[in-house]
Amino acid sequence: MNLVSTVLMIALVLSSVLALVSFWLPQLNPDTEKLSPYECGFDPLGSARLPFSLRFFLVAILFLLFDLEIALLLPLPWGDQLTTPTHTFYWATAVLALLTLGLAYEWTQGGLEWAE
């Protein structure tokens with residue numbers, strides 16, 4: 001019981017100290033851009049019907065796609081402990097090949113060209 005109370009006391013003291021330090025060390029001169037609700041470069045007070053760059057949207061979608069690929073391949077190192085590790089690596093290779101073909105297609109179609 002002594003170990004549990006010690007760990008709880010350390011956690012309580014550490015979190016209290018960190019909370020107090022965060023109140024004592026605020027940024028004295030906040031930046032107006034950081035205080036705005038949108039940090040993406042759009043004017044939040046203007047019209048909501050402004051034209052939106054489709055290229056920006058496509059690059060964002062590609063980023064999300066390849067970010068999702070990393071999340072899907074994260075458990076791969078533990079796949080060698082399954083009963084059929086070659087089957088797991090086959091599917092991982094198939095996912096990577098499909099994404100590589102999709103990237104090559106986007107590249108040849110000019111979807112990655114930001115400026116024309």
Side-chain angles (χ1 to χ4, degrees):
M1 188 67 178
N2 192 12
L3 179 64
V4 172
S5 62
T6 304
V7 168
L8 287 176
M9 186 60 73
I10 289 173
L12 181 67
V13 169
L14 184 63
S15 61
S16 300
V17 166
L18 289 175
L20 287 173
V21 167
S22 71
F23 284 117
W24 283 338
L25 298 175
Q27 187 177 3
L28 298 177
N29 296 323
D31 188 15
T32 57
E33 292 296 323
K34 289 291 184 181
L35 290 177
S36 69
Y38 303 103
E39 295 181 10
C40 61
F42 296 116
D43 183 19
L45 302 176
S47 172
R49 303 287 184 214
L50 292 175
F52 186 71
S53 174
L54 186 62
R55 296 227 181 248
F56 179 76
F57 180 73
L58 287 176
V59 169
I61 292 296
L62 284 173
F63 172 76
L64 288 175
L65 177 71
F66 285 101
D67 196 37
L68 179 65
E69 169 225 343
I70 297 298
L72 287 174
L73 294 178
L74 269 175
L76 188 60
W78 290 277
D80 63 348
Q81 298 184 14
L82 295 173
T83 56
T84 57
T86 55
H87 190 67
T88 303
F89 292 127
Y90 167 73
W91 283 109
T93 305
V95 167
L96 283 175
L98 183 65
L99 285 171
T100 304
L101 288 173
L103 180 64
Y105 177 76
E106 281 291 323
W107 197 340
T108 57
Q109 294 298 315
L112 302 176
E113 299 292 328
W114 188 258
E116 293 182 15

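All values below come from the heavy atoms of this structure, side chains included, with hydrogens, waters and symmetry mates left out. Since the model is a prediction, treat every value here as computed from it, not as a measurement. Along the sequence shown, the residues carry numbers beginning at 1.
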From Leu65 CG over to Glu106 CD, what is the distance, rounded to the nearest 0.5 angstrom?
9.0 Å

Of all the heavy-atom pairs spanning Ala92 and Leu76, show the shortest one and how long it is.
CB-CD1, 3.6 Å

Please list all pairs meeting side-chain hydrogen bond (donor to acceptor under 3.5 Å, both in side chains) that have one or both residues in residues 91-103, counting only residues at least two apart or in different chains.
His87-Trp91

Atom pair CG (Asp67) and CG (Leu62), whose distance is rounded to the nearest 0.5 Å:
12.0 Å

Once rounded to the nearest 0.5 Å, what's the spacing between atom CG of Leu73 and atom CG of Leu99?
8.0 Å

Which heavy atom of Pro75 sits nearest a heavy atom of Ala71, and at what distance?
CD-O, 3.8 Å

Distance (rounded to the nearest 0.5 Å) between Leu14 CG and Ser16 OG
8.5 Å

Closest heavy-atom contact between Phe66 and Leu103?
CZ-CB, 3.8 Å

Which ILVMFWY residues are connected to Leu98, directly or by a chain of links, through side-chain heavy atoms under 4.5 Å apart?
none

